[in-house]
Protein chains: 2
Amino acid sequence: MAYNLAPLQNLIDQFEKMQGIGHKTAQRMAFYVLGLSKEEAEAFANAITEAHEKIKQCRICCDLADDELCPICKSDGRDRSVICVVEDPRDVAAIERTHEYKGTYHVLHGAISPMDNIGPDQIRIKELLARLGDGTVEEVIMATNPTVEGEATAMYISKLLKPMGITVSRLAYGVPVGADLEYADEVTLSRAIEGRSLI
Amino acid sequence: MAYNLAPLQNLIDQFEKMQGIGHKTAQRMAFYVLGLSKEEAEAFANAITEAHEKIKQCRICCDLADDELCPICKSDGRDRSVICVVEDPRDVAAIERTHEYKGTYHVLHGAISPMDNIGPDQIRIKELLARLGDGTVEEVIMATNPTVEGEATAMYISKLLKPMGITVSRLAYGVPVGADLEYADEVTLSRAIEGRSLI
């Protein structure tokens, strides 16, 4: 139901624009805002404008940054001879959570998808190539999503990089740890068999 | 995972404070904001501060209003001899959606709940009593929630109103339309039997 109160309806509409937020949830969120103190509501509104103003893309890896460089590109402790290529800044966060990877990243901001009119020029491939000119980088790990688009992007980039003498690798496919084999799909299972290792 | 970028983390935290919003959803919302244009982000932030500034409580019925009176109390087409008492502004919206009720409302903003330290003085009962002095109101329909707190509140208010010669009624209990009898709980079913009507 549309509320008769324009400011309330407007706020509900704003929340509802977000992907995955239905009308009921948007309404609940708007009532949450009405229940805040004046200071809290201002802090909330400021958080939106500030994040939007201050968060930019790192000049080197295109990850999100609040400065010209992101914290990883600024850091002295990272191995600059390896670049892990991902589709999205959230993927960087996911890999960082493993605490296993010490190299740098490159965020493509998408994957090649002719169906959605996204070609190689619409994602940050040029910026990746620009990083490979000086010979520091020895390996590029393709960590695009295990989807048709992600695969196509990984193949496209690997074909560009191989003539440059750079090792290109791909994340391993297999059954997720903790999952039940019974519920694994056939493609994942056959990839897991292909990629089996000696124990 | 905490992001190293303070403005982003702050925005995620703001979304995560909302009831029912987990970390993953809050993160997705923050990335949605980053993907907006500058104008859209400002409109979003303004919607929050504006709704918060402009939405007040109606001087008569305590429902939400963007003026001194809410649209229903302002309207000439409503029957002022009936007041429907609800716990929350959302309940007004729910009843309005039926297009059946033509009286006015009174929003308590809560229910009596000794467990949460909410007594009769913490909800808008005083304001309801103030509306009953001049003899216009003939019936008060209690439409508090069918919970222990809602029941207790309805009983408390009806005891106050009966000596004033005002008819006090209660929403009917019964099986929800479209529901399966098999899954109705015993209390609802026994209330439905008690309240059965001739056909």
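Letters go in sequence order (proteins before strands), and every chain restarts at 1. Please read these numbers as outputs of a predicted model, since none were measured by experiment.
- For the pair A:Phe31/B:Arg90, a side-chain contact is recorded, criterion being any heavy-atom separation below 4.5 Å from C-beta on.
- Contacts from residues 110-125 of chain A to chain B, taken as heavy-atom pairs separated by less than 4.5 Å, involve no residues at all.
- Between B:Ile21 and A:Met29, the closest side-chain pair of non-hydrogen atoms falls below 4.5 Å.
- Between B:Ile48 and the options A:Ile48, A:Asn10, A:Leu34, a side-chain contact (heavy atoms from CB on, under 4.5 Å) holds for only A:Ile48.
- By the 6.0 Å contact criterion, NZ on A:Lys102 is enclosed, its count of non-hydrogen atoms from other residues, nucleotides or ligands being greater than 12.
- Considering CG of A:Leu5 and NZ of B:Lys56, their distance stands at 11.0 Å, rounded to 0.5 Å.
- The two residues A:Asp66 and B:Pro7 have their closest heavy-atom pair at OD2-CD, 4.1 Å.
- Across A:Ser37, A:Gly20, A:Cys70, the residue that shares the most heavy-atom pairs under 4.5 angstrom with chain B is A:Ser37.
- Here the side chain of B:Arg28 pairs no donor or acceptor atom with the backbone of A:Met18 at under 3.5 angstrom.
- Both the backbone and the side chain of B:Ala43 come within contact range of chain A, judged by heavy atoms closer than 4.5 Å.
- Options B:Thr25, B:Asp13, B:Leu36 differ in how many heavy-atom pairs under 4.5 Å they form with chain A, and the most are formed by B:Leu36.
- The neighbour count for B:Lys162 NZ, taken as heavy atoms of other residues, nucleotides or ligands under 6.0 Å away, does not exceed 12.
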> Can B:Lys17 and A:Tyr32 be said to form a side-chain contact (heavy atoms from CB on, under 4.5 Å), step by step?
Replying inline: CA-CA 9 Å; B:Lys17 277 188 206 162; A:Tyr32 159 83; 3.3 Å; yes
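- Linking ILVMFWY side-chain heavy atoms closer than 4.5 Å, directly or via other members, places A:Val82 and A:Ile157 in two distinct hydrophobic clusters.
- When hydrophobic clusters are built by joining Ile, Leu, Val, Met, Phe, Trp and Tyr residues whose side-chain heavy atoms come closer than 4.5 Å, directly or via intermediates, A:Met142 is not grouped with A:Ile95.
- Looking at A:Ile55, the atoms closer than 4.5 Å to chain B (heavy atoms on both sides) all sit in the side chain, from C-beta outward.
- Hydrophobic cluster membership is shared by B:Leu129 and B:Val137, with clusters built from Ile, Leu, Val, Met, Phe, Trp and Tyr side chains linked at under 4.5 angstrom.
- Both A:Val168 and A:Leu160 are members of a single hydrophobic cluster when ILVMFWY side chains are connected at heavy-atom separations under 4.5 Å.
- Transitive grouping of hydrophobic side chains (ILVMFWY, heavy atoms separated by less than 4.5 Å) brings B:Leu108 and B:Ile83 into a common cluster.
- Residues B:Ala51 and A:Leu11 come closest through the heavy atom pair CB-CD2, 3.6 Å.
- Annotation: B:Lys38, atom NZ; neighbour count of heavy atoms from other residues, nucleotides and ligands within 6.0 Å does not exceed 12.
- Minimum interatomic distance between B:Val33 and A:His52 (heavy atoms only, all atoms of both residues): O-CD2, 3.0 Å.
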